[in-house]
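Below is one structure; the comments refer to it alone.
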Amino acid sequence: MDVSKVVSFSRNFAVLVKVEGPDPKGLKMRKHAFHQYHSGNATLSASGILFPRNILTGEAAAKVLFEAGQDMALVLTVASVVEPFLTLGHRTSSSISQDPVKLIPGARIEIMVEGQLKSGKEAPFWVPAQLLSLVDVPVSSAALQSLIEASSGSKDSGWDVGWSLVSAANGSQPSTKIEHYSKPLMQLDEPLNANFMSKSATRMALLGVPLSLLGQPNMNFASSSSKGDTLVALGSPFGILSPVNFFNSVSTGSIANCYPSGSLKKSLMIADVRCLPGMEGAPVFDKNGHLIGILIRPLRQKNSGVEIQLVVPWGAITTACRHLLLEEPSEAGKASQWGSEALNVKSDTSIPAQVAIEKAMESVCLITVNDGVWASGIILNEHGLILTNAHLLEPWRYGKGGVYGEGNDAGLKPYVLGADEFSSTGGKVWEQKSQTLPRKAPANLYSSVGENIREYKHNFLQTGHRDIRVRLCHLDSWTWCTANMVYICKEQLDIALLQLEYVPGKLQPIAANFFSPPLGTTAHVVGHGLFGPRCGLSPSICSGVVAKVVHAKRRLNTQSISQEVAEFPAMLETTAAVHPGGSGGAVLNSSGHMIGLVTSNARHGAGTVIPHLNFSIPCAVLAPIFKFAEDMQNIEILQTLDQPSEELSSIWALTPSLSPKTEQSLPNLPKLLKDDNNKQKKGSQFAKFIAETQDMFVKPTKLSRDVIPSKL
């Protein structure tokens, strides 16, 4: 795929929308992360798409364009950029009126388009525009409302629509007006509810532009889309600041998921793509330059600041605009001026890799504990052995003083590493969609692990845990199964094993790659981040690269007097987005092979999550787990993981270890003194904090720190 050719073609349709109008009290921009305010006038901007003629219906579109004026073109953008400048009656109404929408006196709309659309023009230029109508998109609105409502019910599941990147108070408005803008988006004068948020976020605006499009090429639409497919968005972030610098900037990513699950074409897409204020309304294309949908404002989790980028699919828009837009372009415009030949797009060679990744996604499951805590897991064999994180089952060992991180009287570690993904799921609302009859795991598999299961189950019940359930996903069919603990690592590795009591049909075990992945190679993270079991989503996929591989050393078992030392990968860091709830998910390479187990991401001291800074256990470390999964007969294989390792502990605590020379020069010093010596090295605030709490963590200590790791 040559993205540059897709971008060059897409520039024929991407535009910048600017709305300016009187705002003497500085109230118009209070819901916008970025704006300009000068001399009583407010200016807002967004992105948009200029429709080619081949997607407009005949008579209806001609009538609208004729009423607007001769030689008019249609532009689609988000309604949020024009709504502050509507007359009072339209601005306060929660539904779209049949009356023509009107702007307040003095408000005006301008569109910036590429110079190539007008002969004799090379640089982008402005043209005036007029507001024709507002359009609700019921299919996408209902999907977003359902997603928000399904995610509600706990102290950490509140959602807003909009960005947390720029505080609403950080504008050019007078300081005396700051109190008007300090509240979160959409909490100022409208009731904050899922229905209102969903309608507002998905509402579109149709504009008329006096522009001849005789030289504009035709457009095709993506016939089908799948998770992991490439996305290319052209938008103008912060466009009003400097259009020359930001007009039609490119952002690439992929489809992470959709809602409802299995309805990629006409519902709501979750996109793994960078989106900044001003990019809402941007057209989104696939790797062949076919239109997929329109980017809208993100869904933002209040407590963590995590933003979920959303795309309204083209099918949902055409359903709402049947009188104007065609769901499929006219036949006259399909082959003659458009297609792979026009873009010189080569045949797609990534299909086998995509199939391998989709197959691997069936190996990722969702795990709940007591119907209130969830995380991800990985199927290791056909007999129902599941790999996940130990902090899901024993959160107090990882800085969580309980499921939600409350303190306790047991003198445990302070709550510093917890990520609040553990949202209550309320009652048992899940349905078993698969009709496959379950089968019990073969009895001989328990010959060596049965005693472990009984021991762990007893301990689990003693600590207040009662119910572990696993949701298996095959395509879009789900099956819930009860599981028991088989193993929890008692040392530095955050790993645990579960065993399904009954195996529903044939499972899809993950395939592992035990080599150290090269830096810069593609990494896909698959898991159930942010959205729990009530949302009904299959696993999401986010893509990035392997940013760092941290190696450790181990001595080889040789007969030689001078013991040989070999390096092995001890930690993976990727740029793929990892969200709370993704614990226990899989890191895949481009071949669909697992290269790591997701354990944590990072967050600022104030609580804001850093999704693109995350840590995983490489498969090389997990080799004993995969060896045990082959026949599950020799559980002693797992004992190698319970051997204490100062180097591994240091790596996973993000603290620098002593150099070999220093270690050898202080052979008689006790461990605590060595740790104290290590603490004197210069490092991050967090490294110092971890070093101080490694040996003395009874009394919680309040420290100032910038970045801390966050268990998912």
Side-chain angles (χ1 to χ4, degrees), residues 378 380 387-391 487-497 510-525 544-576 578 583-600 613-630 634-664 678 687 690 694 709:
I378 302 167
L380 296 180
L387 173 65
T388 188
N389 288 145
H391 74 255
Y487 167 79
I488 294 182
C489 181
K490 294 304 182 182
E491 283 300 326
Q492 58 277 334
L493 296 177
D494 187 5
I495 53 178
L497 291 176
I510 197 77
N513 184 315
F514 300 101
F515 294 98
S516 179
L519 297 183
T521 55
T522 300
H524 306 283
V525 171
V545 299
V546 177
K548 178 72 175 180
V549 180
V550 182
H551 290 85
K553 294 180 180 180
R554 61 185 169 196
R555 287 184 172 85
L556 300 177
N557 294 324
T558 63
Q559 302 299 323
S560 146
I561 297 178
S562 60
Q563 293 185 344
E564 297 184 23
V565 176
E567 284 193 343
F568 67 96
M571 173 192 281
L572 297 184
E573 300 172 21
T574 78
T575 63
V578 171
S583 286
V587 184
L588 307 175
N589 60 18
S590 57
S591 299
H593 294 161
M594 176 181 168
I595 58 175
L597 173 72
V598 177
T599 63
S600 57
L613 175 59
N614 49 76
F615 313 98
S616 303
I617 302 175
C619 283
V621 177
L622 302 173
I625 295 283
F626 285 90
K627 181 65 177 175
F628 170 73
E630 291 178 2
N634 184 13
I635 201 166
E636 294 181 356
I637 298 175
L638 303 179
Q639 292 179 0
T640 59
L641 300 173
D642 289 325
Q643 300 298 318
S645 169
E646 291 187 15
E647 187 174 15
L648 273 181
S649 297
S650 176
I651 289 173
W652 280 96
L654 304 187
T655 57
S657 59
L658 289 173
S659 66
K661 290 184 178 180
T662 307
E663 193 85 50
Q664 293 173 6
N678 183 28
I690 287 295
Q694 288 298 306

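Computed from a predicted structure; not experimentally measured.
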Closest non-hydrogen contact found for P624 with T640 is CG-OG1, 3.6 Å

Side chain proximity check, V550 to E573, heavy atoms < 4.5 angstrom
yes

Assess the pair F626 and F514: is the distance between their ring centroids shorter than 6.0 Å?
yes

Distance, nearest 0.5 Å, that separates CD of Q643 from CD of Q492:
9.5 Å

Using the rule given for side chain to side chain contact (heavy atoms under 4.5 Å, CB included), can you reason through I510 versus L588, listing the C-alpha separation, both sets of side-chain angles and the distance that settles it, and then say yes or no?
CA-CA 10 Å; I510 197 77; L588 307 175; 4.1 Å; yes

Closest heavy-atom contact between G585 and I378?
O-CD1, 3.6 Å

Any side-chain heavy-atom pair from T599 and S583 closer than 4.5 angstrom?
no

Is a side-chain N or O of W652 found less than 3.5 angstrom from the main chain of D494, in a donor-acceptor match?
no

Rounded distance (nearest 0.5 Å) linking atom CG of L493 with atom CG of L638
11.5 Å

Just wondering, are more than 12 heavy atoms of other shown residues or ligands nearer than 6.0 Å to CD in E636?
no

Heavy-atom closest pair, residues A576 and A523
CB-O, 4.1 Å

Got F568 and H551 here, is their nearest side-chain heavy-atom distance under 4.5 Å?
no

Residues forming a salt bridge (charged side-chain N to carboxylate O under 4.0 Å, His left out) with K627, sequence neighbours excluded:
E630

Give me the atom names and distance for the closest heavy-atom approach of V598 to V578.
CG1-CG1, 3.7 Å

Atom of G584, atom of N389 and distance for their closest heavy-atom approach:
N-OD1, 2.8 Å

Strictly by modelled atom types, are N589 and T522 linked by a side-chain donor-acceptor pair under 3.5 Å?
no

Does the side chain of M594 reach to within under 4.5 Å of the side chain of L387, using non-hydrogen atoms?
yes

Taking side chain as C-beta onward, heavy atoms only, is V587 less than 4.5 Å from L597?
no

With a 4.5 Å limit on heavy-atom distance, are the side chains of I488 and I495 in contact?
no

Tell me, please, which residues at least two apart from E491 pass salt bridge (charged side-chain N to carboxylate O under 4.0 Å, His left out).
none

Scanning both residues in full, the closest heavy-atom pair of V621 with A570 reads CG2-CA, 4.1 Å

Out of curiosity, S645 OG to K553 NZ, how far, rounded to the nearest 0.5 Å?
13.0 Å

Evaluate the side-chain proximity of L380 to F628: yes if any heavy-atom separation is below 4.5 Å, no if none is.
no

Who passes ring pair (Phe, Tyr, Trp, His ring centres under 6.0 Å) against F515, sequence neighbours left out?
none

Heavy-atom side-chain proximity of L572 to N614 below 4.5 angstrom
no

Which value, rounded to the nearest 0.5 Å, describes the distance between T574 atom OG1 and H524 atom NE2?
11.0 Å

Residue pair C489, D642: steps toward the side chain to side chain contact (heavy atoms under 4.5 Å, CB included) verdict
CA-CA 6 Å; C489 181; D642 289 325; 3.6 Å; yes

